[in-house]
2 protein chains.
Amino acid sequence: MTLKQSYGIGELAREFDVTTRTIRFYEDQGLLTPRRRGQTRIYSPADRVALKLILRGKRLGFSLAESGDLIRLYQPTGDNRQQLGALLEKIDEKRTQLQQQLVDIQIMQQDLDAAEERARQALKELEESDV
Amino acid sequence: MTLKQSYGIGELAREFDVTTRTIRFYEDQGLLTPRRRGQTRIYSPADRVALKLILRGKRLGFSLAESGDLIRLYQPTGDNRQQLGALLEKIDEKRTQLQQQLVDIQIMQQDLDAAEERARQALKELEESDV
DNA sequence: GGGGAAGTTTACGTTAACGTAAAGTGGCCT
DNA sequence: AGGCCACTTTACGTTAACGTAAACTTCCCC
């Protein structure tokens, strides 16, 4: 089975577990650009990918504006050297940010390990004092 | 030189590049608990660590409430089995979340790689068409 | 043809995380 | 004494990211 090439708003809402209000809001912010059949919104696979990107961004604490940037990194825009240069810079910024987040995650994971260890130790001591 | 054992609010603000308003706000939220000398706040190394944790959390999109949870994972509270059980669960939740974020970061990094590749390709074509 | 179900627009409401301004206190310097 | 910091409290303002409610249309079903 090949990919669907269009989606309804409710369909996307269910798939990604967001409300239709949220999806319309993203459109308002210029992050999604569904076409219309009558007055009903029809979403393309590209819209679906964009939505996925937004939600992934959210999990990493990105603002909608930042996710908008990311989405635009994908749109093959008829670009001149200026814009391509700026693009490469933006990519580099994001990469730096992601690197920092990686470090943050690693530290937090170690912290969690330590916290778990202490909790287990405390449990153990409870056991022993209570034979 | 051994660690300082107390800090002023401005000092912390400078070190972590936040405003004093922000630091006081965190106290309001119960995330910091400085003692007082007169009416002036004096921060302990533990407060400083907590602040660091909060800001790290922010970089990963954690809410202040979530960072509050993390901070509490560190406070050796006189715990009973119930609480320790809940603690271990919380730790596990956070671990799962961090794992998801790791995956998200990896995907984004690949996306950035692809975007950079396309940008470089576009640049190259511009060069060639413009001998 | 009446009534859901799913879509739409419009608009006001809400929460988190601070910003910003005003007015006061305490110390230190010259 | 005057002045300048750095600190304090109080309080109202602001922005992002939706939630919630009301009042339509459209389509489908029986």
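First the proteins, then the strands, lettered A, B, ... as listed; each starts at 1.
- A:Thr20 comes within 4.0 angstrom of nothing in the nucleic acid, heavy atoms only.
- Of the candidate nucleotides D:dT8, C:dT8, D:dC18, D:dT8 has the atom lying nearest to any side-chain atom of B:Arg41.
- The environment of CD in B:Gln82 is sparse: at most 12 heavy-atom neighbours from other residues, nucleotides or ligands sit within 6.0 Å.
- Between the CG atom of A:Asp17 and the P atom of D:dG19 there is a distance of 11 Å, rounded to whole Å.
- Here B:Arg24 reaches the OP1 or OP2 of D:dT8: one of its side-chain N or O atoms lies under 4.0 Å away.
- Counting non-hydrogen atoms of neighbouring residues, nucleotides and ligands closer than 6.0 angstrom, the CZ atom of A:Arg37 reaches no more than 12 such neighbours.
- With D:dT20, C:dT8, D:dT8 as the candidates, the nucleotide lying closest to the side chain of A:Ile9 is C:dT8.
- With hydrogens and angles disregarded, a donor-acceptor distance shorter than 3.5 Å links the side chain of A:Gln101 to the backbone of A:Leu60.
- Spacing between atom CZ of A:Arg37 and atom C1' of D:dT26 amounts to 13 Å, rounded to whole angstrom units.
- Along DNA chain D, the nucleotide nearest to A:Phe62 and the one nearest to A:Gln39 differ in position, and the one closer to the 5' end is contacted by A:Phe62.
- Going from atom CG of B:Leu64 over to atom C1' of C:dC18 covers 9 Å, rounded to whole Å.
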Exercise. Would you check, one step at a time, whether the test salt bridge (charged side-chain N to carboxylate O under 4.0 Å, His left out) holds for B:Asp111 with A:Arg56?
Key: CA-CA 12 Å; B:Asp111 285 358; A:Arg56 185 180 302 132; 3.6 Å; yes
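- Atom CZ in B:Arg21 sits roughly 13 Å away from atom P in C:dA21 (whole-Å rounding).
- The nearest whole Å value for the distance from the CD atom in A:Glu11 to the P atom in C:dA5 is 19 Å.
- Across D:dG19, D:dC7, C:dT8, the shortest atom-to-atom separation from the side chain of B:Thr40 is found for D:dC7.
- Regarding A:Leu12, its CG atom lies at a distance of 14 Å from the C1' atom of C:dG7, rounded to whole Å.
- Remark: the backbone N or O of B:Thr33 is paired with a side-chain donor or acceptor of B:Asp47 at under 3.5 angstrom.
- At D:dC18, one or more side-chain N or O atoms of A:Lys58 fall inside 4.0 Å of OP1 or OP2 (strictly under the cut-off).
- Within the 4.0 Å cut-off from OP1 or OP2 of C:dT9, at least one side-chain nitrogen or oxygen of A:Arg36 is found.
- One interatomic measurement links the two molecules: CG of A:Asp28 to C1' of C:dA11, which rounds to 12 Å at whole-angstrom precision.
- Distances shorter than 4.0 Å separate none of the side-chain N or O atoms of B:Tyr26 from OP1 or OP2 on C:dA17.
- Distances shown here put a side-chain N or O of B:Thr22 below 4.0 Å from the OP1 or OP2 atom of C:dG19.
- Between D:dG19 and A:Thr19, a contact under 4.0 Å exists linking OP1 or OP2 to a side-chain N or O.
- Across the protein-nucleic acid pair, A:Leu31 atom CG and D:dA16 atom P stand 13 Å apart, rounded to whole Å.
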